[in-house]
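Shown next, in structure tokens, is the structure this report addresses.
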Amino acid sequence: MEDARKRLENIKMFVLDMDGTIYLGDTLFPFTQNFLRETRARGRDFCFFTNNSSKNREAYLSRLAGMGIQVPPEKMLISNGVILEWLAANRPGKSAYVVGTPALEEDFRQAGIPMACTAPDYVVLGFDTSLTYEKLRLACHFIRNGAEFFGVNPDLNCPVEGGFIPDCGSIAALVKASTGVQCEFFGKPSRHCLDYIMRKTNCKEEELAVIGDRLYTDIALAAGTKALSILVMSGETTKEMLKESPWQPDLVWENLAALGKDLF
């Protein structure tokens, strides 16, 4: 713990999760703005990263602005960007069948990735709040016929006011149960994601602190790396979950207010 606190002194960039960390549902936590102000005031920086692939960057920038948080586009990172960048470099010209919201589909179109409803080269599964049985049927059919299978984010549930709703990881589990094929994920905690964050922030591993409320995504992202992991207990994780988890954070605070009090 003492070593982790010393490492905290060298952090240049706080990579902030969103749901359960800076807000819950449509409600901004009352301490978020102060944490961001104090971070800037002390010469450090921050960016946001969300695994939630049901929306695109523009939607999140608008949501933050509606909560009184104005940030430039480069400070809003999203799992959609991780997979799109990887596909452009590793599957150029290949066609995709996207199981996702219109926002995710639009991100693929803007990236110039060919969209196919018959015989795609690969299937991409996102957090699809517009999911239909027909989408699932086609995805499973394509995968059984040899299409590669990629998942945007592995989250099992998305926190909302009053509880949780099934996320991309749960939908992927359904597809695996039907096809026997496990997808490769690209959001937190994949190495694809950490490399993406480093490129976008121009920071080294040891200059990053990943802050979030979820053990198997936020905290696991930093596991085995030089990046610092900070768990906040303002979202999904309970004390019992923390005790039993194979992913242990470097540091734990109740919320950003408690972290800020010790940090600033």
Side-chain angles (χ1 to χ4, degrees), residues 1-24 29 31-32 35-36 38-39 42 44-53 75-79 81-82 152-159 167-169 185-264:
M1 182 69 74
E2 189 61 35
D3 178 62
R5 284 182 177 270
K6 191 168 186 63
R7 288 166 59 198
L8 187 58
E9 298 173 4
N10 299 318
I11 296 301
K12 294 183 178 180
M13 179 72 65
F14 294 107
V15 183
L16 291 159
D17 177 53
M18 300 180 74
D19 290 324
T21 300
I22 67 167
Y23 59 67
L24 190 61
F29 288 134
F31 44 74
T32 297
F35 180 86
L36 300 181
E38 290 299 322
T39 297
R42 282 161 172 72
R44 304 206 197 193
D45 206 352
F46 66 86
C47 67
F48 299 110
F49 190 103
T50 180
N51 253 10
N52 190 328
S53 55
K75 287 193 178 295
M76 183 63 249
L77 307 180
I78 186 170
S79 56
V82 182
V152 184
N153 60 293
D155 306 60
L156 297 172
N157 292 298
C158 178
D167 206 320
C168 183
F185 287 112
F186 285 79
K188 296 179 288 189
S190 76
R191 182 68 211 193
H192 299 298
C193 186
L194 185 59
D195 289 341
Y196 179 84
I197 292 170
M198 291 169 62
R199 286 194 298 273
K200 295 301 182 182
T201 61
N202 292 313
C203 287
K204 301 174 183 177
E205 284 185 6
E206 61 269 26
E207 297 171 333
L208 296 172
V210 181
I211 304 178
D213 68 303
R214 183 166 289 172
L215 292 162
Y216 67 91
T217 56
D218 303 314
I219 303 309
L221 177 64
T225 77
K226 295 178 182 178
L228 192 69
S229 62
I230 299 174
L231 178 72
V232 287
M233 304 294 288
S234 50
E236 176 179 300
T237 300
T238 63
K239 291 181 180 179
E240 291 73 23
M241 292 167 65
L242 175 58
K243 184 178 179 181
E244 298 174 2
S245 174
W247 301 286
Q248 290 296 307
D250 294 309
L251 296 165
V252 183
W253 273 276
E254 196 63 29
N255 50 41
L256 287 181
L259 167 57
K261 186 177 180 180
D262 283 356
L263 184 63
F264 306 130

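Considering only residues two or more places apart in sequence or on other chains, Ala227 meets the side-chain contact (heavy atoms from CB on, under 4.5 Å) condition with Leu208, Ala222, Thr225. For Asp45, the side chain to side chain donor-acceptor pair (under 3.5 Å) test picks out Lys75, with sequence neighbours left out. Considering only residues two or more places apart in sequence or on other chains, Glu205 meets the salt bridge (charged side-chain N to carboxylate O under 4.0 Å, His left out) condition with Arg191. Residues satisfying the salt bridge (charged side-chain N to carboxylate O under 4.0 Å, His left out) criterion with Glu38, sequence neighbours excluded, are Arg42. With sequence neighbours left out, Lys12 forms a side chain to side chain donor-acceptor pair (under 3.5 Å) with Glu207. The side-chain contact (heavy atoms from CB on, under 4.5 Å) check on Thr39 picks up Phe14, Phe35, Arg44, Phe46, Phe264, with sequence neighbours excluded. With sequence neighbours excluded, the residues that form a side chain to side chain donor-acceptor pair (under 3.5 Å) with Asp167 are Asn153. Take Asp213 and apply the salt bridge (charged side-chain N to carboxylate O under 4.0 Å, His left out) test, not counting sequence neighbours, and it matches no residue. By the side-chain contact (heavy atoms from CB on, under 4.5 Å) test, Lys261 pairs with no residue at all, sequence neighbours left out. With sequence neighbours excluded, the residues forming a side-chain contact (heavy atoms from CB on, under 4.5 Å) with Asp262 are Arg5, Trp253, listed by chain and number.
For residues 221-233, the set of pairs meeting the salt bridge (charged side-chain N to carboxylate O under 4.0 Å, His left out) definition, not counting sequence neighbours, is empty. Sequence neighbours left out, the pairs with a member in residues 234-244 that pass salt bridge (charged side-chain N to carboxylate O under 4.0 Å, His left out) are Arg214-Glu236.
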